[in-house]
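Just so you know, these numbers come straight off a predicted model, no measurement behind them. Order of appearance sets the numbers: ligands from 1, and atoms from 1 within every ligand.
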Amino acid sequence: MTPDNEVRFRACLDDVAAYKPGRPPARTDGRPTYKLSSNENPYPPLPGVLAAATEAAAQMNRYPDMGAVDLLEALSARFGVPTSDLAVATGSVALLYHLLQATVAEGDEVVYAWRSFEAYPIAVQLTGATSVRVPLTDDARHDFKAMEAALTDRTKVVIVCTPNNPTGPVVRRDELLAFLDVVPPNVLVVLDEAYREFVREPDVVDGVDVYRDRPNVAVLRTFSKAYGLAGFRVGYAIAHPTVVAAIRKCALPFGVSHIAQAAAIASLGVEDELLKRVDALVEERTRVVDELRAAGWEVPETQTNFVWLSLGDDTVAFAEAVQAEGVSIRPFPGEGARITIGEREANDLFLSVARAWRT
Ligand code: PMP
């Protein structure tokens, strides 16, 4: 390993070490515990999805379909795009890694808003490229003027997380289209739409419409959130065939298991029912946000399945207070906490601590 590589490797390990996966807190008093720290869907799998996965599990002595042909065809029918414009991988985070692996190297720059999804700096660092983090505005939104100013001739990729994890706001139509107009056509723009199905703001463009006229736009989506398949690891990319071909070259062979492929196909078959659950979560989101605001909290607009509370130096103490009620949330020390919209009982426990905190 060269000294440069070694420094990079160690810095990367530090970033990975700083990441603490959320776990439900352990309790000894017999009361239930809840996990509101990973933006998971609180609903268990629908019977048809579970049955499809179980049936596929009976063939676990076989390798899965490496080309995920049936899943690509199901996605193609769902979105009205050719299969040449689709790739699947073990979660949308894997697709991001593949895209970066295919497009950037040492000396290149990757621009994204910050704070945003924690995987971005880690994924960029693994490629040897440099992250250029552009602070969000005071109301937790992308600052596209500043992002435009951050573009240099070393910029190879821009990541736009919309709606933004962990703060919640979605990027509006005009601001996104105007930004895409100023990004040079040889710069890849990754639209990370992991929470797309939770968006209710009407003034938004759909990545699937955007990529059609813009060969430098890749859209990332996932079955982990709205479809409740986080444990199966399936994400998909929608992009022009050259971008998709690059992803496929980088993807691990047989990455998406046939159990995961079967569950994803079955989920598309019962999408109406799954999207009703999303509606219920969005309603619950409105209730949680309203109650927080009524208690005096400032909550950024959220179009996701979580809320963001800006807590500064109180972040860790607040997370510990919620944890004492049996609920884990995701603290970002010194900044704030992200709380997933989960089961109603879990949300109520979190709200009881949040109300008491303000009095
Ligand atoms: N993008 C964003 C913004 C996310 O929040 C997440 C999950 N936390 C992902 C991508 C990755 O999702 P997955 O790999 O499960 O598809």
Task: Sub-4.5 Å side-chain heavy-atom contact between Val88 and Leu72 - done: yes
Open item on the list: I'd like to know whether ligand 1 has Asp192 as a neighbour, heavy-atom separation below 4.0 Å.
Closed with: yes
Open item on the list: Tell me if the CG atom of Asp138 is crowded by more than 12 foreign heavy atoms within 6.0 Å.
Closed with: no
Open item on the list: Does the residue Ala194 have a heavy-atom contact with ligand 1, meaning some pair of atoms that are separated by less than 4.0 Å?
Closed with: yes
TODO: Please say which of Leu274, Val278, Val49 ends up in a side chain to side chain contact (heavy atoms under 4.5 Å, CB included) with Tyr227.
DONE: Leu274
TODO: Using a strict cut-off of 4.0 Å, indicate which atoms of ligand 1 neighbour a heavy atom of Cys161.
DONE: 3 (C)
TODO: Please round to the nearest 0.5 Å and tell me the distance separating atom CZ of Arg115 and atom CZ of Arg338.
DONE: 10.0 Å
Open item on the list: Around atom CD of Glu201, are there more than 12 heavy atoms from other residues, nucleotides or ligands closer than 6.0 Å?
Closed with: yes
TODO: Go through ligand 1 atom by atom and flag the ones less than 4.0 Å from a non-hydrogen atom of Asn165.
DONE: 3 (C), 4 (C), 5 (O)
- [ ] Would you check whether Lys225 has a nitrogen or oxygen atom less than 3.5 angstrom from a nitrogen or oxygen atom of ligand 1?
- [x] yes
Task: Nearest non-hydrogen protein atom, atom 6 (C) of ligand 1 - done: Phe117 CZ, 3.4 Å
TODO: Run the salt-bridge test on Glu197 and Arg221 with the 4.0 Å N-O cut-off and return the result as yes or no.
DONE: no
Open item on the list: Below 3.5 Å, N or O to N or O, backbone or side chain included: is there any such pair between Ser224 and ligand 1?
Closed with: yes
Task: Polar contact flag for Val93 and ligand 1 (N/O pairs, less than 3.5 Å) - done: yes
Open item on the list: Counting only nitrogen or oxygen atoms and a 3.5 angstrom limit, does Arg233 reach ligand 1?
Closed with: yes
- [ ] Tell me, please, whether Phe198 has Arg196 positioned over its six-membered ring: NZ or CZ under 6.0 Å from the ring centre and within 45 degrees of its axis?
- [x] no
Task: Geometric N/O contact Thr90 with ligand 1, under 3.5 angstrom - done: no
Open item on the list: Using a 4.0 Å cutoff against the non-hydrogen atoms of Gly91, which atoms of ligand 1 qualify?
Closed with: 13 (P), 14 (O), 16 (O)
TODO: Specify side chain, backbone, both or neither for Tyr195, according to which of its non-hydrogen atoms lie closer than 4.0 Å to ligand 1.
DONE: side chain
Task: Option set Ser92, Pro166, Ser116, criterion heavy-atom distance to atom 12 (O) of ligand 1, minimum - done: Ser92
- [ ] May I ask you to check whether over 12 heavy atoms, not counting those of Tyr63, lie within 6.0 Å of atom OH?
- [x] no
Task: Pair Glu298 + Arg293: basic N to acidic O under 4.0 Å - done: no
